[in-house]
Amino acid sequence: MSEPLHRQLGLKDDEQERIVATLGREPNRAELAMYSVMWSEHCSYKSSKIHLKTLPTEGPAVLVGPGEDAGAVDIGDGDAVVFKMESHSHPSAIEPYQGAATGVGGIVRDIISMGARPVALLDPLMFGPLTEPRNRWLFEGVVAGIGGYGNCIGVPTVGGEIRFAEAHSSNPCVNVMCVGLAKADELVTSQSLTPHVGSFMVLYGAATGRDGIGGVSVLASATLEEGADESRPSVQIGDPFAEKLLIEASLELIREGLLEGLQDLGGAGICCALSESATRAGMGAEVDLDVVPLREADMEPFEILTSESQERMLAIVHPSKLAAVEALCARWGLHTAVIATLVEGGTLTIRHAGEVVAEVPARSLADDGPEYDRPMTAPARIEDGGDPALTPFEGDLNDALRTVLAAPGIASKRWVWRQYDRIVQGNTVAGPDSDAAVIRVPGTLKGVVASSDGKGRYGRLDPYLGAMHAVAESARNVAVTGAEPLAITNCLNFGNPERPEVMWQFAESIRGMRDACSGLATPVTGGNVSFYNESGGSAIDPTPVVGMLGLLRDYRLRVPSAFPQAGLAVYLLGETAAELGGSEFAEAVLGQVSGMPPALDLSKERALLDLLVAAVGDTLLASAHDCGDGGVAVALAECAIGTGHGFAVSIPTDLPPHVALFSESASRAVVSVSPIDEEAFRALAAAYRVPCARIGETGGPRAVIDAAIDIPVARLAEIWETTIPRLLGEAV
Amino acid sequence: MNDTPRVGVVTFPGSLDDRDALHAIAAMGGTGVALWHADHDLRGVDAVVLPGGFSYGDYLRCGAIAARAPLMAEIRSFAERGAPVLGICNGFQILCEAGLLPGALIRNASLRFVCEDVWLRVETSQTCVTAGLTPGETIEVPVKHGEGQWVATSEELERVEGDGLVVFRYAAEDGQLGDAFNPNGATNHIAGVRNAAGNVVGLMPHPEHAVDPDVGPTGGQPLFAALFEAALAGATA
Amino acid sequence: MTTYTFEVLVSLKPGLLDPQGKAVEGSLPAMGWTNVSGVRIGKHIKLAVEAADEATALAQVQDMATRILSNPVIEDFEVLEVAAT
Amino acid sequence: MTTYTFEVLVSLKPGLLDPQGKAVEGSLPAMGWTNVSGVRIGKHIKLAVEAADEATALAQVQDMATRILSNPVIEDFEVLEVAAT
Ligand SMILES: Nc1ncnc2c1ncn2[C@@H]1O[C@H](COP(=O)(O)OP(=O)(O)O)[C@@H](O)[C@H]1O
Ligand SMILES: [Mg+2]
């Protein structure tokens with residue numbers, strides 16, 4: 001006996017009952033397919049919604065919060081920045097190149113559908129150790145796919161991050177963030193445009209094939225297991241050339257004032273775009289599937305409705321503007337098809353071959369999906385190794401620094417970003433070799449600043465603190481350039497939410513994100529949830545990835561992270577405590593992931609951020625670099641590696657030397673200050689109540705820290721630069 | 001009267017650095033004119049730039065489909081009249097595919113896309129973009145391409161070298177040649193070539209991304225300065 | 001030992017979008033060819049294998065085709081034997 | 001009118017180094033295949049042409065192969081007729 005159809009499609013029995021109640025009858029095949037994709041975890045957020053609602057979403061800069069295709073913030077002078085992050089992890093685990101490529105395509109269309117020109121991409125990625133051939137294949141494929149797509153559409157990839165942990169061997173995570181620019185009064189939202197009854201829904205872009213049919217339920221909402229072969233044919237192939245044409249045509253359609261609405265086609269394809277567009281318009285639609293351009297002639301209605309073929313958009317067009325829309329699209333070589341007409345009421349009536357194949361309330365698909373308050377249980381605390389700060393360490397500290405710098409998570413990611421076009425569009429003031437990317441706003445002096453950060457190891461030890469640190473670190477990365485952090489987007493990477501432990505991790509992470517975003521006044525404008533990152537018996541660490549956006553009033557003020565010259569004073573800002581829990585040192589040197597992550601005091605963090613922004617505004621800093629993974633030792637080493645200027649410092653502390661060097665205490669930064677600015681800088685630090693210790697000076701070819709560290713900078717640079725190429729088996 | 005040159009920049013479907021080239025032309029004091037691949041009209045420009053990007057996705061071969069665009073017929077006769085034509089990256093690939101420049105560009109030896117600043121050694125001043133430079137001099141300009149390895153059959157290579165058609169080679173800052181400075185494995189480190197007359201030049205690196213010190217190096221400035229001179233000379237001739 | 005020469009043809013699985021083929025097909029009418037359809041672009045790989053006998057050589061090429069020359073998730077392949085010398 | 005199906009094989013001219021082929025060949029020993037040589041990777045293009053007769057169809061494909069499907073500066077091609085329907 002086979003399972004009932006709804007269960008095969010991933011719908012639970014109570015969900016099926018809910019559909020029957022909504023329709024007042026049994027759903028037919030096409031309808032069942034529509035509900036199954038729209039009510040999947042991926043599209044409906046049924047497990048996460050109840051928690052996401054608790055996040056702070058409002059603030060003076062927020063123009064568009066969660067709920068639209070992407071969030072938007074105001075950066076003054078009528079300019080808006082649109083940004084959002086999304087995962088494409090499950091497809092990437094099967095076909096890394098195409099999975100990552102289509103991930104870029106998807107998030108870029110979210111930005112376009114807001115009426116914004118995509119100006120930057122960031123790619124937070126997580127893999128298993130590169131010592132495994134399969135992980136290398138995934139890593140190389142994902143990087144090539146992101147570059148292959150991003151480079152071809154002319155959007156610079158300017159940042160990201162890469163973390164490594166065993167659980168990602170079977171569950172690589174691919175998140176992509178896109179940033180776009182628009183005029184605030186030209187943003188396309190459900191508020192800004194008013195569709196009319198009788199207006200057309202025009203599908204434009206690529207033809208529809210059998211791509212990712214049921215992909216949302218099969219690929220994104222069920223745990224990957226061995227023999228995931230059945231889901232294989234649904235891998236999608238990206239066509240970046242078609243996407244580039246979509247970008248140009250869409251922005252022109254908006255500029256010419258030809259649209260009453262615009263939406264990208266992503267998960268759940270036409271079905272999702274139709275139901276969401278109609279719901280937002282407060283209307284229904286008469287839909288004709290016979291006019292949808294198909295790549296394969298014999299597609300069934302449910303296939304046409306749920307296909308996830310890439311590079312398509314859906315516009316709402318008043319009949320009087322149709323000819324102009326068609327002409328504009330034709331100029332860019334894009335096909336158009338009027339697939340629906342908006343009607344009063346809220347019903348989607350879908351016809352195929354002259355017959356009604358589905359008749360459902362649009363809202364029931366888009367908005368009225370199930371919502372779960374899933375059970376949660378705090379896992380028994382894993383007291384594996386205790387506090388690593390208490391582990392005696394007798395080793396050589398020079399060796400320890402070399403080991404930590406060679407940890408793949410710390411080592412240079414040049415091998416990766418060298419494959420990305422970071423300069424197209426001509427506005428990249430700072431790219432991946434900076435703590436945060438700086439993109440200038442054309443025609444102005446403003447710089448949009450973006451950073452992405454996730455803290456998997458901290459999350460494993462304490463998901464609440466892990467999420468807080470992700471927010472704080474991304475804010476710090478933005479602030480060290482001199483920019484004021486404004487708002488975040490996120491991508492929440494977790495295991496199976498049907499397991500109470502995972503749900504607890506999720507709720508704790510949301511609580512941490514909520515507290516940190518409130519404390520740092522950086523509201524959440526949107527994001528994406530990626531559950532079911534769990535196969536091969538292991539779930540990933542709870543990893544909320546934060547995409548922070550900031551504003552630099554004058555991009556020319558931007559401060560680099562590395563020491564620009566010799567003869568500068570080096571200051572350590574913030575306080576250092578004995579905090580090695582979840583640190584890079586504890587993992588790489590002691591082989592321990594245990595204890596508690598560092599504490600985080602949001603008022604201290606905020607004071608540091610404010611000081612950095614003020615000091616850069618007063619041009620008091622020559623360089624600024626946040627102290628993050630690997631502690632002050634790694635921060636200082638990175639400052640020196642960037643330009644080759646060494647340093648000699650002495651860190652005043654009562655802590656054992658290895659703890660002082662590698663503690664990952666939060667809310668710290670290493671800055672360099674020219675002697676004439678020192679007095680003013682110290683006064684400013686005092687005014688912001690940020691502890692500020694002058695620890696030494698830049699200069700010379702060596703990195704010297706007290707009696708503990710003395711290594712030529714060139715040697716540090718070699719270790720840092722060659723780790724990843726070596727792991728990939730390249731001659732270096 | 002006509003002291004700012006009119007420089008056309010062609011947009012093909014999939015061109016990416018067309019806007020960037022227009023900005024660079026404006027920043028250097030020229031007048032940029034947007035040209036459309038499907039037109040048959042060069043709009044009276046004095047020089048033409050074929051910009052970088054991925055015309056037609058670089059599908060089949062980079063530049064292959066764009067080289068057959070309607071506007072290319074106009075550009076061919078424009079070039080035959082001796083007017084200055086500069087192909088950058090994808091534009092270089094298009095000029096090779098169109099037979100206006102020798103050789104061809106294939107996948108980088110590493111098989112990977114590469115984006116980084118490189119040094120170029122100028123090999124000749126007998127072109128529309130190097131007139132102001134001295135052979136042996138080096139300039140810093142970024143590259144960003146996946147298919148920038150210049151190759152030719154041995155007979156063609158001999159002709160190119162023999163006739164002095166190499167315009168730029170990848171090099172160290174001091175002009176020294178070596179594999180370490182060659183980002184794509186190009187034969188004889190060739191980064192750019194010219195036609196016999198020197199009015200058509202193509203190079204893989206991006207001079208239009210090397211005019212504004214706020215966002216990159218400045219090695220592209222002299223190339224545009226020379227291109228403007230050549231354009232004005234042609235306009236008055 | 002004998003050297004066996006093979007050709008391996010790798011193509012995208014039938015239902016999948018072939019962006020290259022699509023773009024090429026789309027460009028042909030402008031060049032005057034309006035009667036062309038179904039353009040699909042795949043790979044044509046030539047290689048030589050040294051082996052004791054033909055069956056061993058063929059099995060190895062099949063294995064190589066599955067594991068490195070193609071990605072079975074999105075591609076099909078066909079192995080043709082060309083010559084033995 | 002009849003539809004003729006062709007395959008066009010495009011390969012780099014013999015003297016030219018093939019970076020893809022070289023990379024594949026270089027990666028094989030690490031996977032235990034030490035007996036492979038001469039790896040060259042070219043294109044395999046399938047297409048269909050509608051024409052009145054076979055000779056016309058073939059002539060057109062030859063023309064297309066010369067003018068767009070290959071770059072004669074660095075590539076050779078071969079046209080195979082597959083079927084007429
Ligand atoms: N996948 C990637 N793509 C692009 N840039 C990356 C990637 N991974 C890391 N980078 C860049 O390398 C730099 C250092 O990364 P990371 O060590 O994670 O920074 P931090 O610890 O300051 O957050 C950052 O500027 C980041 O943008
Ligand atoms: Mg770091």
Side-chain angles (χ1 to χ4, degrees), chain B residues 10-16 18 35-42 50-77 89-91 93-100 104-113 145-147 149 151, chain C residues 3 5-50 60-80 82-83:
Chain B
V10 185
T11 297
F12 298 94
S15 293
L16 304 177
D18 44 345
L35 302 175
W36 183 246
H37 71 105
D39 293 345
H40 275 284
D41 181 6
L42 288 178
L50 299 182
F54 286 70
S55 58
Y56 296 91
D58 273 1
Y59 298 148
L60 190 65
R61 293 182 310 280
C62 45
I65 301 177
R68 280 90 187 158
L71 193 68
M72 284 307 293
E74 315 304 319
I75 290 173
R76 190 182 297 275
S77 32
C89 194
N90 194 228
Q93 295 162 339
I94 293 169
L95 290 173
C96 290
E97 276 283 342
L100 289 168
L105 295 138
I106 63 170
R107 289 279 292 274
N108 295 350
S110 67
L111 298 186
R112 293 199 192 91
F113 191 95
H145 58 247
E147 306 191 35
Q149 179 177 187
V151 295
Chain C
T3 303
T5 317
F6 293 89
E7 296 189 3
V8 183
L9 301 179
V10 180
S11 54
L12 278 173
K13 282 185 189 291
L16 291 175
L17 172 71
D18 175 7
Q20 287 210 70
K22 196 182 85 176
V24 170
E25 191 168 319
S27 73
L28 296 176
M31 302 182 63
W33 294 303
T34 53
N35 57 342
V36 184
S37 62
V39 181
R40 306 278 290 177
I41 303 187
K43 281 189 208 129
H44 172 226
I45 305 170
K46 283 195 227 170
L47 49 82
V49 175
E50 269 203 24
Q60 175 179 337
V61 175
Q62 299 272 8
D63 193 21
M64 282 168 30
T66 316
R67 288 172 51 198
I68 140 144
L69 302 178
S70 78
N71 179 355
V73 173
I74 51 173
E75 291 168 328
D76 293 329
F77 67 83
E78 193 183 334
V79 176
L80 311 174
V82 180

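In the text below, chain A, chain B and the rest are named by the order of the sequence lines, each starting its count at 1.
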Put together the list of donor-acceptor pairs under 3.5 Å connecting chain B with chain C, please.
residue: Leu60(B); atom: N; partner: Gln20(C); partner atom: OE1; Å: 2.7

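Of the two parts of Leu60(B), the backbone and the side chain both hold a non-hydrogen atom closer than 4.5 Å to a non-hydrogen atom of chain C. Neither the backbone nor the side chain of Ala30(C) comes within less than 4.5 Å of any heavy atom of chain B.
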